[in-house]
Amino acid sequence: MMTTLTIGHPDNTIHEATAAAIIRVLEANDVEPEIVIGPKAALSDMLQTGEVDLYVSAWLPGEDEALLTPGVTALGALFNPTLCCCISQEESTLGSLADIAHAPDTLSRTLVTQASLETHAQAMMAAYNLAAAGFTLDVMPDEQAIASLAKSLANQDTVLMLLAQPCYLFHQGGFKILNDPQQALGGEMTARMLLRPGLASELDQDLKDELDELMLSAKVISAMDFAMRTEGLSADEAAESWQRGKLLPR
């Protein structure tokens with residue numbers, strides 16, 4: 001039986017929270033985790049060469065097909081990520097991206113955009129003719145963009161917010177998700193673990209089944225992200241809080 005597994009995940013709190021929940025399952029099965037954090041491309045290479053055993057997590061289809069290199073197998077259905085555009089006013093009369101081009105001047109025409117979502121923002125701009133309506137993208141590193149959006153929420157500014165769910169802002173609330181009738185941002189995805197070539201046949205069957213059946217949810221990961229960012233919890237502490245039923249109201 002394997003006694004250690006190397007877990008790889010990108011350097012952000014969403015993937016860190018997801019990995020922490022998986023690590024609790026491994027530790028309960030007497031498997032010691034070793035953690036590698038890095039860019040997706042580097043982790044993909046390490047998964048292929050066996051330097052990483054388990055990658056957390058690939059969002060499929062739509063975001064991470066490039067990680068499915070020969071021999072790599074996907075496992076589980078952890079939660080269902082989505083990309084969505086929101087408006088920072090929860091009571092806004094605007095309900096759809098189709099309405100945005102004719103929105104009042106009180107809505108900022110600057111769309112602060114996470115660098116990782118720039119391609120999606122451009123697709124949304126094109127689908128709804130937003131450039132012609134005066135909208136422009138202000139692309140920033142992901143953490144800087146999320147901080148800017150959080151500040152806009154706190155200031156009660158009226159802005160569009162392109163977000164990937166889960167994210168701590170969804171747990172915090174105070175904004176409205178807009179319909180996307182053109183499906184410019186794509187549909188619902190599934191967050192899955194990726195196993196290095198050969199690992200599927202090497203894993204203890206009971207552990208493999210337990211990982212395959214692990215159910216989190218975008219709501220759980222958003223709440224873990226919120227606890228880590230605003231309450232100072234470590235990823236492991238947030239995962240323990242979730243496991244004990246203390247993270248979300250019953």
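Any value given below was found using the heavy atoms of this structure, including those in side chains, with hydrogens, waters and symmetry copies removed. Keep in mind it's a predicted model, so treat the numbers as computed, not measured.
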Report task. Inspect the contact between Lys208 and Glu213 and indicate whether a charged nitrogen and a carboxylate oxygen are less than 4.0 angstrom apart. Result -> no
Query raised in the report: Would a hydrophobic clustering, with Ile, Leu, Val, Met, Phe, Trp and Tyr connected at side-chain separations under 4.5 Å, put Ile100 with Leu111?
Result: yes
Query raised in the report: Looking at Gln165 and Cys84, what are the two nearest heavy atoms and their distance?
Result: OE1-SG, 4.4 Å
Requested in this report: Evaluate whether atom CG of Asp11 has more than 12 neighbouring non-hydrogen atoms of other residues, nucleotides or ligands under 6.0 angstrom away.
Outcome: no
**Report entry** Asp157 side chain near Lys151 side chain, heavy-atom distance below 4.5 Å
**Finding:** no
Query raised in the report: Are Ile14 and Leu149 co-members of a hydrophobic cluster defined by side-chain heavy atoms under 4.5 Å apart?
Result: no
Requested in this report: Kindly say whether Leu153 contributes a backbone atom to a donor-acceptor pair with the side chain of Gln156 at under 3.5 angstrom?
Outcome: no
Query raised in the report: Considering all heavy atoms of both residues, which atom of Ala191 and which atom of Pro81 are nearest to each other, and what is their separation?
Result: N-CD, 3.6 Å
Query raised in the report: Would you find more than 12 non-hydrogen atoms of other residues, nucleotides or ligands less than 6.0 Å from Lys176 atom NZ?
Result: yes
Query raised in the report: Between Asp236 and Arg24, is the closest basic N to carboxylate O distance under 4.0 Å?
Result: yes
Query raised in the report: What class does the angle between the rings of Trp59 and Phe79 fall in, given that below 30° is parallel, 30 to 60° is tilted and above 60° is perpendicular?
Result: perpendicular
Query raised in the report: Would you say Ser116 and Gln114 make side-chain contact, with heavy atoms under 4.5 Å?
Result: yes
Query raised in the report: What pair of heavy atoms forms the shortest contact from Ala184 to Met124, and how long is it?
Result: CB-CA, 3.9 Å
Query raised in the report: Sub-3.5 Å donor-acceptor pair from the side chain of Ser222 to the main-chain atoms of Cys167, do we have one?
Result: yes
Report summary line: Taken to the nearest 0.5 Å, the spacing of Thr73 OG1 from Leu195 CG works out to 4.0 Å
Query - Heavy-atom side-chain contact between Glu202 and Arg196 under 4.5 Å - result: yes
Requested in this report: Mark yes or no for whether Arg192, through its side chain, and Ala58, through its backbone, hold a donor-acceptor pair below 3.5 Å.
Outcome: no
Report task. Would you please say whether a donor-acceptor pair under 3.5 Å links the side chains of Gln48 and Thr69? Result -> yes
Requested in this report: Test side-chain contact (heavy atoms from CB on, under 4.5 Å) on Ser57 and His15 and set out the steps.
Outcome: CA-CA 7 Å; Ser57 63; His15 289 294; 3.8 Å; yes
Query - Check: Glu240 side chain, Glu237 main-chain N or O, donor-acceptor pair, under 3.5 Å - result: no
Report task. Taking atom types as modelled, find out whether Asp138 and Thr110 have a side-chain donor-acceptor pair closer than 3.5 angstrom. Result -> no
Requested in this report: Hey, could you give me the OG/CG distance between Ser44 and Leu194, rounded to the nearest 0.5 Å?
Outcome: 8.5 Å
Report task. Return the minimal non-hydrogen interatomic distance between Val52 and Gly8, and the atom names on each side. Result -> CG1-N, 3.7 Å
**Report entry** Leu68 vs Leu60 side-chain heavy atoms within contact, under 4.5 Å
**Finding:** yes
Query raised in the report: Under a single-linkage definition using a 4.5 Å side-chain heavy-atom cutoff for Ile, Leu, Val, Met, Phe, Trp and Tyr, are Leu43 and Leu47 assigned to the same hydrophobic cluster?
Result: yes
Query raised in the report: Does one hydrophobic cluster hold both Leu117 and Tyr128, with members joined at side-chain heavy-atom distances below 4.5 Å?
Result: yes
Report task. For the pair Asp204 (side chain) and Asp206 (backbone), establish whether a donor and an acceptor sit closer than 3.5 Å, ignoring hydrogens and angles. Result -> yes
Query raised in the report: Would you say Pro10 and Pro39 make side-chain contact, with heavy atoms under 4.5 Å?
Result: no
Query - Shortest non-hydrogen contact from Met46 toward Thr49 - result: O-OG1, 3.2 Å
Query raised in the report: Got a donor-acceptor contact below 3.5 angstrom from the Thr3 side chain to the Val31 backbone?
Result: no
Query raised in the report: With distance as the sole criterion, is a donor-acceptor pair present between the side chains of Glu16 and Asn12 under 3.5 Å?
Result: no
Report task. Starting at CD1 of Ile177, measure out to SG of Cys86 and round the result to the nearest 0.5 Å. Result -> 5.0 Å
Requested in this report: Start with the C-alpha distance between Tyr55 and His9, add both sets of side-chain angles, then the distance that settles side-chain contact (heavy atoms from CB on, under 4.5 Å), and finish with yes or no.
Outcome: CA-CA 6 Å; Tyr55 174 86; His9 69 79; 5.7 Å; no
Report task. State, with a plain yes or no, whether a side-chain heavy atom of Val72 is found less than 4.5 Å away from one of Pro197. Result -> yes
Query raised in the report: Would a line drawn from the ring center of Phe170 to the ring center of Phe175 be shorter than 6.0 Å?
Result: yes
Query - Polar side-chain atom of Asn129 near backbone of Ala101 as donor-acceptor pair, under 3.5 Å - result: no
Query - Met193 side, atom CE; Leu214 side, atom CG - distance, nearest 0.5 Å - result: 6.0 Å
Requested in this report: Check whether more than 12 heavy atoms from other residues, nucleotides or ligands sit under 6.0 Å from atom CG of Asp105, and answer yes or no.
Outcome: no
Report task. Please lay out, stage by stage, how Leu216 and Trp242 fare under the test side-chain contact (heavy atoms from CB on, under 4.5 Å). Result -> CA-CA 9 Å; Leu216 300 171; Trp242 160 68; 3.5 Å; yes
**Report entry** Donor-acceptor contact present, side-chain Asp180 to main-chain Gln183, <3.5 Å
**Finding:** yes
**Report entry** side-chain contact (heavy atoms from CB on, under 4.5 Å) between Leu97 and Asn179, intermediate numbers included
**Finding:** CA-CA 6 Å; Leu97 280 166; Asn179 293 327; over 6 Å; no
Query raised in the report: Do the side chains of Lys219 and Pro166 get nearer than 4.5 Å, heavy atoms only?
Result: no
Report task. Please round to the nearest 0.5 Å and tell me the distance separating atom CG of Leu203 and atom CG of Leu75. Result -> 8.0 Å
**Report entry** Heavy-atom closest contact (Glu118 atom, Leu137 atom, distance)
**Finding:** O-CD1, 4.5 Å
Query raised in the report: Under 4.5 Å between side-chain heavy atoms, hopping through other hydrophobics if needed: is there a path connecting Val25 to Leu78?
Result: yes
**Report entry** Sub-4.5 Å side-chain heavy-atom contact between Leu169 and Leu163
**Finding:** yes
Report task. Supply the atom-to-atom distance His120 NE2 to Met125 CE, rounded to the nearest 0.5 angstrom. Result -> 15.5 Å
Query raised in the report: So does Glu63 pair up with Lys40, basic N to acidic O under 4.0 Å?
Result: no
Query - Short side-chain to backbone donor-acceptor contact, Ser201 and Gly198, under 3.5 Å - result: yes
Query - Main-chain N/O of Leu5 paired with Asp53 side-chain donor or acceptor, under 3.5 Å - result: no
